[in-house]
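Okay, so here's the structure we're looking at.
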Amino acid sequence: MYINIFKFGGASVNSASGIKNVASIVKKFSSGPLVVVISAMGKTTNAMEEVLKSYMTNDPVAVVDAFQEVWDYHFAIVEELFEDKDHVVYGEIGSLFNQVRGYIRKGHLYAEQRPGYDFEYDQIVSYGELISSAIVHHYLVLQGMNSHLTDVRNLIKTDSTHRDARVNWETTRQLIQQHVPAFFQNHPEAGSIVVTQGFIAGDSAGNTTTLGREGSDFSAAIFAYVLQAKEMTIWKDVPGVMNADPKWMKDAVRLETLSYREAIELAYYGASVIHPKTIKPLENANIILRVKSFLHPELDGTSVENLREWKISTPIYIRKQNQVLISISPRDFSFILEENLSEIFRILAAYRVKVNIMQNSAISFSICVDADPQKIDPLIAFLQKDYETRYNEGLELFTIRHYNNEAFNKITEGRKVLMELRSRNTLQVVLEKVTR
Ligand code: ASP
Ligand code: MG
């Protein structure tokens, strides 16, 4: 028995018509047992982060407003999908929202006992996926499919590194293998589907964890790997993996194929189309990854697979916005030596800051990192204790794989280059932001 994996991201389920389209894709393009992994609807994860932000700053009025917005958005969709106002989905979604409300109320009452940002992030923001998966599940049932909603927190087990949890593969493998194939054996009829949540998981203490932003692809890959799927399909709002994000490069083109290696490189450099942790499990089990458009499901998309000879005729561009360039020098203007570097890396690791690119000169060491104020502000404050630390915000980092001069000019024309790094296949530049 081969189990297929479909992952639907936020953009595919951002409206009632989106969810109807998902149901029609599931009906049309799946044959046999299927696991469907669902993200939060549209921009819900951001909206839940707003709820959390108001909660953390003890602003109950702002919490109510932010919460109401998420509630209204979801119930408008539910009302459009389920004409019968007595349908169980109304009660279920209401009760999921009430769980969040209850959690927040308790946190406001016992503010001094709060467990801290990362933990609370996972307990609150995870409801985006719990709510979306319940809505999609009930809609699939309404459409006559034998959908079975499974709480992924009982299947994917992680450590307790909140917001960036590490998978406990052995326990996860056992749990998924115990539950998922058994469901399909008991329900061999066509249209049997397991619907579950992306992005979220559970730790051994029974608390909710999350796998990092955009982590739903990785969730799907975990199922694909453990279930030894032949293929996994990520349904997106683009025709496949493009050589640049079509939102900012109008003449972006689709790549028909990618090797696992190249996909890992692209994800590593920040191509948002694929989550960095997703490819490795698929490569290890030789599972073909298809990236397809939910708007044109009949088109081919991109396949990522084990290709020894992979040739490309066009550069691939990856743009990362909101970058901070930090340069670090010893206060006495002595040289930057191995001792300083190992100390600096230790600090970076302690603050869980990922370095996007770095460059060393005699007296300063520069790094370009994502502007996550939760991490970067305390990091800079800490570095400033021992090092002369300067930083420059609001920058962009471009990575060009398989670059040529034309590609370099296209990106840098008329802009100030603050840092540049070249290797055989990859060119990276940090640019000052221009407002066009
Ligand atoms: N909903 C989560 C996010 O927006 C996870 C995902 O969509 O992959 O980051
Ligand atoms: Mg998403």
Side-chain angles (χ1 to χ4, degrees), residues 5-15 18-19 22 35-53 66 69-70 73-74 77 96-97 100 117-118 120-137 151-153 155-156 158 161-167 195-202 208-224 232-238 241 245 247 263 266-267 270-282 289 291-294 320-322 354 370-372 374-375:
I5 317 292
F6 281 2
K7 183 258 169 170
F8 290 98
S12 66
V13 289
N14 67 0
S15 63
I19 293 171
V22 163
V35 174
V36 174
V37 175
I38 304 283
S39 291
M41 291 160 64
K43 301 268 175 256
T44 299
T45 303
N46 294 347
M48 292 303 287
E49 285 180 352
E50 284 305 309
V51 173
L52 175 80
K53 200 166 122 197
E69 208 173 287
V70 186
Y73 169 63
H74 285 85
I77 292 173
L96 287 168
F97 272 114
V100 188
Y117 184 82
D118 290 354
E120 308 220 73
Y121 181 102
D122 288 355
Q123 309 322 305
I124 292 177
V125 175
S126 52
Y127 276 89
E129 267 72 12
L130 292 169
I131 292 166
S132 67
S133 57
I135 296 174
V136 171
H137 156 72
D151 189 330
V152 78
R153 296 174 296 180
L155 295 181
I156 298 183
T158 65
T161 316
H162 289 283
R163 285 180 76 202
D164 190 19
R166 302 295 136 107
V167 175
V195 172
T196 197
Q197 305 81 26
F199 178 52
I200 73 174
T208 306
T209 57
T210 59
L211 303 169
R213 283 303 304 264
E214 304 300 329
S216 298
D217 292 0
F218 181 44
S219 306
I222 295 169
F223 278 95
M232 156 176 151
T233 307
I234 298 180
W235 296 91
K236 295 193 69 90
D237 58 357
V238 284
V241 179
D245 185 341
K247 286 190 190 96
L266 296 181
S272 62
V273 68
I274 301 166
H275 185 270
K277 292 180 191 159
T278 304
I279 304 297
K280 206 70 199 113
L282 301 180
L289 170 64
V291 180
K292 292 184 56 147
S293 163
F294 60 77
K320 267 179 164 275
Q321 291 175 285
N322 251 325
K354 181 180 170 289
D370 293 348
D372 176 350
Q374 292 282 346
K375 291 180 179 173

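Just so you know, ligand 1 is whichever comes first in the structure, and atom 1 is the first atom listed for that ligand. FYI, the numbering just counts along the sequence from 1. All values below come from the heavy atoms of this structure, side chains included, with hydrogens, waters and symmetry mates left out.
Considering CD1 of Ile5 and CG of Asp217, their distance stands at 13.0 Å, rounded to 0.5 Å.
The closest approach between any non-hydrogen atom of Lys43 and ligand 1 is not below 4.0 Å. Residue contacts with ligand 1 leave out Gly9, since none of its heavy atoms falls under 4.0 Å from the ligand.
Residues satisfying the ring-ring contact (aromatic ring centres under 6.0 Å, His included) criterion with His275, sequence neighbours excluded, are absent altogether. Annotation: ring-ring contact (aromatic ring centres under 6.0 Å, His included) contacts of Phe223 (sequence neighbours excluded): none.
Evaluated for a side-chain hydrogen bond (donor to acceptor under 3.5 Å, both in side chains) with Gln197, the options Ser132, Ser126, Ser133 yield exactly one hit, Ser133.
Contact annotation: for His275 versus ligand 1, there are no heavy atoms closer than 4.0 Å.
By the 4.5 Å heavy-atom criterion applied to side chains, Val136 and Phe8 are not counted as neighbours.
Considering Ser216, Gly128, Gly198 only, the shortest heavy-atom separation from atom 8 (O) of ligand 1 involves Ser216.
Side-chain N/O atoms of Arg153 and Thr208 include a donor and acceptor closer than 3.5 Å.
Residue-ligand proximity, Thr45 to ligand 1, at heavy-atom distances under 4.0 Å covers atoms 1 (N), 2 (C), 3 (C), 4 (O). Atoms of ligand 1 lying under 4.0 Å from any heavy atom of Arg213, numbered from 1 in the order shown and given with element: 3 (C), 4 (O), 9 (O).
Between Ser39 and ligand 1, at least one N/O pair is under 3.5 Å apart.
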